[in-house]
Every structure is written in C-alpha cells, then in structure tokens.
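Reviewing the structure listed below.
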Amino acid sequence: TFSLPARLYVGTNPYKMFAEAQYSNGDSKWLLNSGGEAMLHKGIWMRFSVGSEQNDTDPKAQWNLVSKFELNVDVPGIK
C-alpha cells in the first residue's frame with residue numbers, strides 16, 4: 001500500500017488555508033480536501049477541513065463527504 005499526497009498552504013503562520021489531494025492504492029483511492037487553521041489565542045489552535053473521498057468498498061456511495069474539526073492546545077515548555 002502506498003499513498004501520494006500534495007498540499008498547498010496560503011497565509012501566515014497564525015492564519016492559513018490549505019488545499020490537498022491524495023492518491024492511495026488502498027480502499028480509498030482519492031481524497032480531495034480543503035480547510036484552514038487559525039490561532040485563537042497564544043497556544044490555542046483551531047483546524048477545520050471538508051472534502052470528498054472516493055471509496056471503492058461502497059458501490060452505492062462512491063464519493064463520501066469527509067469533515068474534521070480540531071482544537072489543539074500547546075502547553076508552554078513541553079515539546
């Protein structure tokens with residue numbers, strides 16, 4: 001199994017948008033996705049994305065909607 005991803009970022013470090021495409025030879029062949037990342041406060045980050053994924057295992061729904069929301073907290077001094 002292998003995958004070949006490509007991602008493009010636009011913006012600054014605290015606020016950025018991205019678009020990505022990924023091909024895989026597994027069950028999910030293609031992933032087309034876009035989203036963004038924003039620093040809400042020092043050490044608190046929000047990430048969101050929405051896209052579509054091609055699924056070879058489900059013949060009724062060949063393209064599925066995928067979405068993701070994350071809230072990350074960085075603790076100062078811990079890496």
Side-chain angles (χ1 to χ4, degrees):
T1 301
F2 75 91
S3 64
L4 182 64
R7 185 179 273 191
L8 172 69
Y9 282 100
V10 176
T12 61
N13 190 40
Y15 307 101
K16 57 189 142 214
M17 302 294 286
F18 69 87
E20 69 178 333
Q22 178 175 313
Y23 175 78
S24 175
N25 70 341
D27 289 340
S28 299
K29 295 291 185 190
W30 285 97
L31 170 69
L32 305 172
N33 202 18
S34 63
E37 182 177 288
M39 182 174 62
L40 301 176
H41 190 65
K42 187 176 180 180
I44 302 174
W45 294 86
M46 173 187 70
R47 265 190 217 122
F48 60 92
S49 65
V50 65
S52 188
E53 180 179 56
Q54 183 185 28
N55 190 340
D56 284 351
T57 60
D58 185 0
K60 292 180 183 177
Q62 212 173 35
W63 285 89
N64 298 320
L65 178 69
V66 291
S67 61
K68 190 174 190 179
F69 179 82
E70 296 178 14
L71 192 60
N72 298 330
V73 178
D74 294 331
V75 179
I78 298 177
K79 292 188 180 192

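Since this is a predicted model, take the numbers as computed values, not measurements. Residues: numbered from 1 along the sequence shown.
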- Which atom names give the shortest non-hydrogen contact between Ser3 and Gln22, and what distance separates them? CB-NE2, 3.8 Å
- Query: Considering all heavy atoms of both residues, which atom of Leu65 and which atom of Gly51 are nearest to each other, and what is their separation?
  - Reply: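 Nearest heavy atoms, Leu65 then Gly51: CD1-O, 3.3 Å.
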- Taking a hydrophobic cluster as the set of Ile, Leu, Val, Met, Phe, Trp and Tyr residues connected by side-chain heavy atoms closer than 4.5 Å, whether directly or through intermediates, do Trp30 and Phe2 fall within one such cluster? yes
- Within residues 10-20 or reaching into it, pairs that qualify as side chain to side chain donor-acceptor pair (under 3.5 Å) - sequence neighbours excluded: Arg7-Glu20, Asn13-Lys16, Glu20-Asn33
- Item | Approximate separation, where rounding is to 0.5 Å, of Leu40 CG and Asn72 CG | 10.0 Å
- Message: Through direct or indirect side-chain contacts below 4.5 angstrom among Ile, Leu, Val, Met, Phe, Trp and Tyr, which residues connect to Leu4?
- Response: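 Once heavy-atom contacts under 4.5 Å are chained together, Leu4 still belongs with nothing else.
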Distance-only donor-acceptor hits, side chain of residues 41-49, under 3.5 Å, sequence neighbours excluded:
unit_1 : atom_1 : unit_2 : atom_2 : d
Trp45  : NE1    : Asp74  : OD2    : 3.4
Arg47  : NE     : Glu37  : OE1    : 2.6
Arg47  : NH1    : Glu70  : OE1    : 3.0

